[in-house]
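A quick write-up on the structure given underneath.
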Amino acid sequence: MVIGVTLLGATGSIGVSTLDVLARHRDRFRAVALTANRDAPRLAEQCRQHRPEVAVMVDPDAAQRLRELLSDMPERPEILTGVEGLEQVAAMPATDYVMAAIVGAAGLRPTLAAARAGKRVLLANKESLVVAGALLMQAVSDHGAELLPIDSEHNAIFQCLPPSFRDGLPAVGVERILLTASGGPLRDWPLERFGSVTPEQACAHPTWAMGRKISVDSATMMNKGLEVIEACWLFGTDTDHIEVVIHPQSVIHSLVQYQDGSVLAQLGNPDMRTPITHAMAWPDRLDSGVAPLDLFEVARLDFEKPDLARFPCLSLAFQVARQGGTAPAVLNAANEIAVAAFLERRIDLPGIATIVGETLSALPSEGVAGRGLEFLLETDRRARECAQALVAERSL
Ligand code: NDP
């Protein structure tokens, strides 16, 4: 059987890597739907190459542009628009696997739709779990969906755990998770120069090539903070059982420490096609196109404790992970607004943590038990509004 794949966020960094994997294994996978937000030229090119049944452009003007660009294509895909279009292709019967690779909380609705339709969800969009972890995990279990992590760290942890880990980490002898972090491009920068960091410098990641939002998150280490929250949901644990370890070479993607003193790690070159291929093929293994790891070339592996004074976003994320309730959704929304403002050069890099911290203070955490998606989306909206106002006050 050829497996149908819906690719949410096809034009992004994860999307392009996923299409590369898919093209290597056309006997096993086919793209049934591709989606993007505004980049019609790139989606048009991908449609010509991968011939999906449906294409979604969230932006209606971009959808019109896509129609024009594909007007001469024989058997052209049906073109949908809006968030409803995303939800539709995440749940369509021809789809078996959904790659959730939209950036930010915008990925939540279609990811949830995929889980509710019982699909295999390949989760790159960590923000979905940060905003609505309880809801998404519940949907996965209620509808018999499978949730496989794409984030390289979580994929590594998944590979180092036994299949029965869902019975609880203590039950399988796990003492703690060691979540590795490269430390990003600013690991060695003098702290007093953080105020002058440009978007280009923040996005120049030393080991990974990624989209701009996650690159800035890596520079502030908010990315690692979001990943701590993601790991709590995926592996049913808490922050007392997760330690962040700076490992600049990005060769060990994370480790699991067991009661008996064993520590299992997953290693590989920093190329997202490895976790993508792993999750698509699981439990089988397939060729990903990634070069074999040459340990002699790597030669050494270094580890450091993160410096929380340098990375206040990481402390904020640990704080909200402990708090729970709406706090993680507020943190995520404020961070998205602050990162966009930094990329537009309206605030400086340290301003990101300030805005996130002030938004968290302005919107105290509320319980989420028994609350649905609309409540979380409303929380997200209020946090964005608050963070926008704070950006306007600080604008350079
Ligand atoms: P990119 O910015 O490269 O791509 C984002 C994708 O999402 C694009 O296809 C974009 O469409 C689409 N998109 C953006 N905004 C919206 C919206 N409002 N509605 C619908 N679609 C939208 O991001 P990445 O590929 O880097 O990251 C994607 C996700 O994967 C993030 O959650 C990130 O944290 C996670 N991730 C990424 C890794 C990486 O190596 N890049 C590693 C681990 C996790 P368009 O092109 O039209 O704007």
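All heavy atoms count here, side chains included; hydrogens, waters and symmetry mates do not. Whatever order the structure lists them in is the order used to number ligands and atoms, beginning at 1.
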So which of [options] gets nearest to [atom], if we judge by its closest heavy atom?
{"atom": "atom 7 (O) of ligand 1", "options": "N37, D39, I102", "value": "I102"}
{"atom": "atom 9 (O) of ligand 1", "options": "T11, V103, T35", "value": "T11"}
{"atom": "atom 41 (N) of ligand 1", "options": "P149, A10, A40, S13", "value": "S13"}

Test your reading of the structure: does [X] have an N or O sitting under 3.5 Å from an N or O of ligand 1?
{"X": "G211", "result": "yes"}
{"X": "G12", "result": "yes"}
{"X": "N223", "result": "no"}

Take the angle between the ring planes of H278 and F158 and call it parallel below 30°, perpendicular above 60°, tilted in between.
perpendicular
Within a radius of less than 6.0 Å around [atom1] of [X], do more than 12 heavy atoms belonging to other residues, nucleotides or ligands occur?
{"X": "R187", "atom1": "CZ", "result": "yes"}
{"X": "E68", "atom1": "CD", "result": "yes"}
{"X": "R38", "atom1": "CZ", "result": "no"}

Heavy atom of the protein closest to atom 25 (O) of ligand 1 (residue, atom name, distance)
I14 N, 2.9 Å
Does M272 have a heavy atom less than 4.0 Å from any atom of ligand 1?
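M272 counts as a contact of ligand 1 under the 4.0 Å cut-off.
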Below 4.0 Å from ligand 1: does a non-hydrogen atom of A101 turn up there or not?
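A101: in contact with ligand 1 (<4.0 Å).
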Single-linkage hydrophobic cluster I79~V32, side-chain heavy atoms < 4.5 angstrom
no
Treating Ile, Leu, Val, Met, Phe, Trp and Tyr as nodes and any side-chain heavy-atom pair under 4.5 angstrom as an edge, say whether Y258 and V245 lie in one connected cluster.
no
